[in-house]
2 protein chains.
Amino acid sequence: MFDNLVRHIQKFVALNAEEQIILKSYVKIESVKKKQFLLEEGQVCHANWFIVKGCLRSYTLKENGNKQMVQFAIENWWLTDYFSFENKKPSQLFIQTVEDCELISIDDRTAEELFVRLPQLERYFRLILQKSFAASLMRLQYMFNLSPEERFHHFNDNFPAFIQRVPQYMLASYLGFTPEFLSKIRAKIADS
Amino acid sequence: MFDNLVRHIQKFVALNAEEQIILKSYVKIESVKKKQFLLEEGQVCHANWFIVKGCLRSYTLKENGNKQMVQFAIENWWLTDYFSFENKKPSQLFIQTVEDCELISIDDRTAEELFVRLPQLERYFRLILQKSFAASLMRLQYMFNLSPEERFHHFNDNFPAFIQRVPQYMLASYLGFTPEFLSKIRAKIADS
DNA sequence: TAAAAAACTTAATCACGGTTAAGAAAATCA
DNA sequence: TGATTTTCTTAACCGTGATTAAGTTTTTTA
């Protein structure tokens, strides 16, 4: 399990056997059942989770009580609330397992020490964050430049694996429209 | 000029006199007049720009020929196309000065060497990117959870400095609606 | 300082996608 | 396997904000 994380890190920076042992002493490995909460609104987020197996989502509660999907994360992705994590402020987010998960997490209260001991992790997370930021801006572009229907088709074409794994209503929210509208799109596809 | 960058970096990591000299040998300092392009669609983005003075914007061209604002950047912000930067792929973006600018840039073809010589910059950019990513997700939340009118008021309340500096039509695009609709909002405010 | 370009405003029309509500299908649990 | 919850579908109605087009104001340039 831990090896998955090591392999992922090694795609970006070197990490020898000794360093792997150091890393291991700083992380927490856990199995979490489907629909469990890792973080709830109002709590300060102290962890950054790496997904070895499974699927996480983060969402906010809107004024009308609906859930607005913020992010999905699957194998080999990190998920946290960086805003809460960084400022030690209560989070606006819920982070929840969508499937049974195998997770590895780093606690921000020991992360600094870990970064001092394994400075190459600064680089690793810099590169991870660079990708995350680019992806987030790309998603904003889709929001701006594509219609809801086009966004669905785009997502469908580019991330078919997701379509199988997450309920349609979560996907609709993630793409910025209602489940009812998604049904409309799907009915249109079935017609043709 | 260069000192502004040093001061900004020192908010996050240490940088002694000797290291400052190393850094200086890797950056390019330039003055750029208003409305000049730093990057145009189709070019590979090789620089990351730090704004000492002035304002930059990045935008994409939509199918209908309209410009979709992606980001604004003012003093002490970095701007680049990380996607193009990282993958050495042609950019979808235009990056343009909105005002006369004083800029400092790092070229990605020498950046690796710089990071080796000043590893604390890995940390600096990690922290910058963490903030950028958090801000980008926050902006997505505003897109999802607020109406166009609410987005305008929110922006108005939280970033009044921007309102003075950028043309309304750029702001409208940044917030995801038309200049015509922004006029409608402003007329409504004037009424009350 | 006049001419041209850029930026902003107004108003009529209209389409996309939200809301509401009820029901059907699928998955989960006892 | 039946009961319950979760997820998805259908359809009628409606409102927000886009589109279009013309005109006005402000800024820039020669």
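By convention in this document, chain letters (A, B, ...) are assigned in the order of the sequence lines, proteins followed by strands, and residues within each chain are numbered from 1.
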Those residues that, when tested against A:Q168, pass side chain to side chain contact (heavy atoms under 4.5 Å, CB included) (two or more places apart): A:I163, A:L171, A:L182, A:R186
Whether B:F72 and B:Y174 hold their rings parallel, tilted or perpendicular, with breakpoints at 30° and 60°: tilted
Atom-to-atom span, CZ of A:R186 to P of D:dT7 - whole angstrom: 14 Å
Nucleotide-resolved protein contact map, nucleotides 22-30 of chain D, B/S/- at heavy-atom distance under 4.0 Å: ------S--
Ring-face cation of B:R126 near A:F115 (centre distance under 6.0 Å, axis angle within 45°): yes
Proximal nucleotide (of D:dG17, D:dT6, D:dC8) relative to the B:P148 side chain: D:dG17
A:E19: salt bridge (Lys or Arg N to Asp or Glu O under 4.0 Å) partners, not counting sequence neighbours: none
B:K53: salt bridge (Lys or Arg N to Asp or Glu O under 4.0 Å) partners, not counting sequence neighbours: B:E75
Degree of bending, the helix from C:dT1-D:dA30 to C:dA30-D:dT1 (end axes from five pairs; round to 10°): 60°
Show every donor-acceptor pair shorter than 3.5 Å between a side-chain atom in residues 37-44 of chain A and any protein atom, with sequence neighbours excluded, or say none if there are none.
| unit_1 | atom_1 | unit_2 | atom_2 | d |
| --- | --- | --- | --- | --- |
| A:Q43 | OE1 | A:E40 | N | 2.9 |

Length of the line joining A:I185:CD1 and D:dT9:P, which is rounded to integer Å: 11 Å
Ring pair (Phe, Tyr, Trp, His ring centres under 6.0 Å) partners for A:Y26, two or more places apart: none
Atom-to-atom span, CE of B:M143 to C1' of D:dG17 - whole angstrom: 12 Å
Under 4.5 Å side-chain linkage, directly or through intermediates, the cluster mates of A:Y142: A:M138, A:L146, B:F83
Mutual orientation of the aromatic rings belonging to B:F155 and B:F159 [parallel < 30°, tilted 30-60°, perpendicular > 60°]: tilted
Interatomic distance where CG belongs to A:L182 and P belongs to D:dC8 [whole Å]: 8 Å
Residue-level proximity of residues 158-179 of chain A to DNA chain C when a heavy atom falls under 4.0 Å: A:G176, A:F177, A:T178
Nearest-angstrom distance from the residue atom CZ of A:F144 to P of D:dA18: 12 Å
Whole angstrom value for the distance that separates C1' of D:dC13 from NZ of A:K184: 10 Å
Range on DNA chain C touched by chain B, heavy atoms, distance below 4.0 Å: C:dA6 to C:dT10
Nearest-Å distance for atom pair CZ/P, residues B:F181 and D:dT16: 9 Å
Contacts table for residues 93-112 of chain A: side-chain donor-acceptor under 3.5 angstrom, sequence neighbours left out:
| unit_1 | atom_1 | unit_2 | atom_2 | d |
| --- | --- | --- | --- | --- |
| A:Q96 | OE1 | A:R57 | NE | 3.0 |
| A:Q96 | OE1 | A:R57 | NH2 | 2.8 |
| A:Q96 | NE2 | A:K35 | O | 3.4 |
| A:T97 | OG1 | A:K33 | O | 2.7 |
| A:T97 | OG1 | A:K35 | N | 2.9 |
| A:T97 | OG1 | A:Q36 | N | 2.8 |
| A:T97 | OG1 | A:Q36 | O | 3.3 |
| A:E99 | OE1 | A:R165 | NH2 | 2.9 |
| A:E99 | OE2 | A:R165 | NE | 2.9 |
| A:D100 | OD1 | A:K34 | N | 2.7 |
| A:E102 | OE1 | A:S31 | OG | 2.8 |
| A:E102 | OE2 | A:S31 | OG | 3.4 |
| A:D107 | OD1 | A:R109 | N | 2.8 |
| A:D107 | OD1 | A:R109 | NE | 2.8 |
| A:D107 | OD2 | A:R109 | NH2 | 2.8 |
| A:D108 | OD1 | A:H46 | ND1 | 3.0 |
| A:D108 | OD2 | A:K88 | NZ | 2.9 |
| A:T110 | OG1 | A:D107 | O | 3.2 |
| A:E112 | OE1 | B:R123 | NH1 | 3.3 |
| A:E112 | OE1 | B:R123 | NH2 | 2.9 |

Parallel, tilted or perpendicular, as decided by the 30° and 60° cut-offs, for the rings of A:F133 and B:Y82: perpendicular
Those residues that, when tested against B:E113, pass salt bridge (Lys or Arg N to Asp or Glu O under 4.0 Å) (two or more places apart): none
CA sep, side-chain torsions, deciding dist, call: A:E149, A:K184, salt bridge (Lys or Arg N to Asp or Glu O under 4.0 Å): CA-CA 10 Å; A:E149 183 162 359; A:K184 224 185 251 180; over 6 Å; no
